[in-house]
Amino acid sequence: MLSIQEHATVDEASSELLDFVLEPYNWLSLPRTGMDPAAWPGQNTLYQRRVGSLRICASVDVAATLDVFLHIAFRAPGLTPVKAADHLESFLKQRLPLTPNSEWQVEVDERRWIHFSRRYAGPHLKA
């Protein structure tokens, strides 16, 4: 059974989890997570936190093209994409506040996780 660290508030979970996932050593290679499902953040409790019934999963993902994306997902009973967006704003407000017109991709998977992702770093340099 997974043992996920619990916190009293989303702010507290955010502070600890973002400190961890934004450290380049903890970034994940998307090709590697595709070949090794145990490396995926949803299977690794280091990339997850719990606040009451709300589960939070966050990672910085590096694609084979060297594009870097910030990925944050939420799951809770009865959670809607609108309420998850409120959690996202609260989760990011200390380190990466949302700005008007910031674009996030949103997806709901078959396990009812609501995923938000956006480019974290600019496109890589090309020679």
Side-chain angles (χ1 to χ4, degrees):
M1 183 167 174
L2 296 175
S3 176
I4 300 169
Q5 290 183 14
E6 292 198 37
H7 296 279
T9 65
V10 172
D11 289 340
E12 186 181 302
S14 167
S15 176
E16 187 177 302
L17 187 53
L18 282 176
D19 282 348
F20 175 76
V21 301
L22 295 178
E23 198 57 46
Y25 180 78
N26 297 315
W27 292 9
L28 298 173
S29 165
L30 287 179
R32 180 175 160 249
T33 58
M35 293 184 313
D36 180 10
W40 190 250
Q43 301 299 321
N44 188 334
T45 59
L46 294 172
Y47 294 87
Q48 297 182 45
R49 297 297 183 270
R50 182 185 296 270
V51 178
S53 64
L54 178 68
R55 285 182 59 186
I56 305 166
C57 182
S59 65
V60 175
D61 305 326
V62 182
T65 59
L66 299 182
D67 292 321
V68 181
F69 297 91
L70 176 61
H71 183 104
I72 301 169
F74 300 94
R75 181 179 174 190
L79 186 64
T80 65
V82 172
K83 185 63 180 165
D86 292 340
H87 288 308
L88 178 68
E89 182 176 20
S90 177
F91 186 78
L92 294 173
K93 75 179 174 186
Q94 297 289 4
R95 296 275 300 260
L96 305 163
L98 295 180
T99 57
N101 299 321
S102 62
E103 293 184 22
W104 288 80
Q105 299 220 352
V106 182
E107 178 185 336
V108 180
D109 71 17
E110 67 277 354
R111 294 183 340 163
R112 312 227 9 107
W113 279 92
I114 300 172
H115 301 265
F116 296 89
S117 61
R118 71 169 296 190
R119 185 178 295 279
Y120 179 63
H124 60 280
L125 296 175
K126 296 180 183 177

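Scope of the values below: all heavy atoms of this structure, side chains included, with no hydrogens, waters or symmetry mates.
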Enquirer: Donor-acceptor pair, distance only, cut-off 3.5 Å: does the side chain of N26 make one with the backbone of V21?
Expert: no
Enquirer: Answer yes or no: does atom CD of E16 have more than 12 heavy-atom neighbours from other residues, nucleotides or ligands under 6.0 Å?
Expert: yes
Enquirer: To the nearest 0.5 Å, tell me how far Y47 OH sits from C57 SG.
Expert: 9.5 Å
Enquirer: Residues two or more places apart in sequence or in another chain: which of them pass salt bridge (charged side-chain N to carboxylate O under 4.0 Å, His left out) with D86?
Expert: none
Enquirer: Hey, what do you get for CD1 (I114) to CD (E107), rounding to the nearest 0.5 Å?
Expert: 11.0 Å
Enquirer: Could you give the distance from OG1 (T45) to CD (Q5), rounded to the nearest 0.5 Å?
Expert: 8.0 Å
Enquirer: So which atom in A58 and which in L17 form the shortest heavy-atom distance, rounded to 0.1 Å?
Expert: CB-CD2, 3.8 Å
Enquirer: Would a 4.5 Å heavy-atom cut-off, applied to side chains only, mark H115 and D109 as touching?
Expert: yes
Enquirer: Under 3.5 Å, is there a donor-acceptor pair between the D61 and S59 side chains?
Expert: yes
Enquirer: With sequence neighbours left out, write down each residue that passes ring pair (Phe, Tyr, Trp, His ring centres under 6.0 Å) with F74, or none if nothing qualifies.
Expert: H87
Enquirer: State, with a plain yes or no, whether a side-chain heavy atom of L22 is found less than 4.5 Å away from one of V60.
Expert: yes
Enquirer: More than 12 heavy atoms of other residues, nucleotides or ligands under 6.0 Å from CZ of R118: is that the case?
Expert: yes
Enquirer: The test is side-chain contact (heavy atoms from CB on, under 4.5 Å); show your working for R55 and I4 and say whether it passes.
Expert: CA-CA 9 Å; R55 285 182 59 186; I4 300 169; 3.5 Å; yes
Enquirer: Under the 3.5 angstrom rule, does the side chain of S14 hit a backbone N or O of F91 as a donor-acceptor pair?
Expert: yes
Enquirer: Looking at CG of L79 and CH2 of W113, how far apart are the two atoms once the value is rounded to the nearest 0.5 Å?
Expert: 10.0 Å
Enquirer: Please examine the side chains of K93 and D11, heavy atoms only from C-beta on, and report whether any two atoms are closer than 4.5 Å.
Expert: yes
Enquirer: So how far is it from L70 CG to W104 CH2, rounded to the nearest 0.5 Å?
Expert: 4.5 Å
Enquirer: At what distance, to the nearest 0.5 angstrom, does CH2 of W27 lie from CZ of F69?
Expert: 12.0 Å
Enquirer: Has the side chain of R111 got a donor or acceptor atom that lies under 3.5 Å from a matching backbone atom of V108?
Expert: no
Enquirer: Within the structure provided, determine whether R119 and D67 are in side-chain contact (heavy-atom separation under 4.5 Å).
Expert: yes
Enquirer: Under a 4.5 Å cut-off applied to non-hydrogen side-chain atoms, are L92 and I72 in contact?
Expert: yes
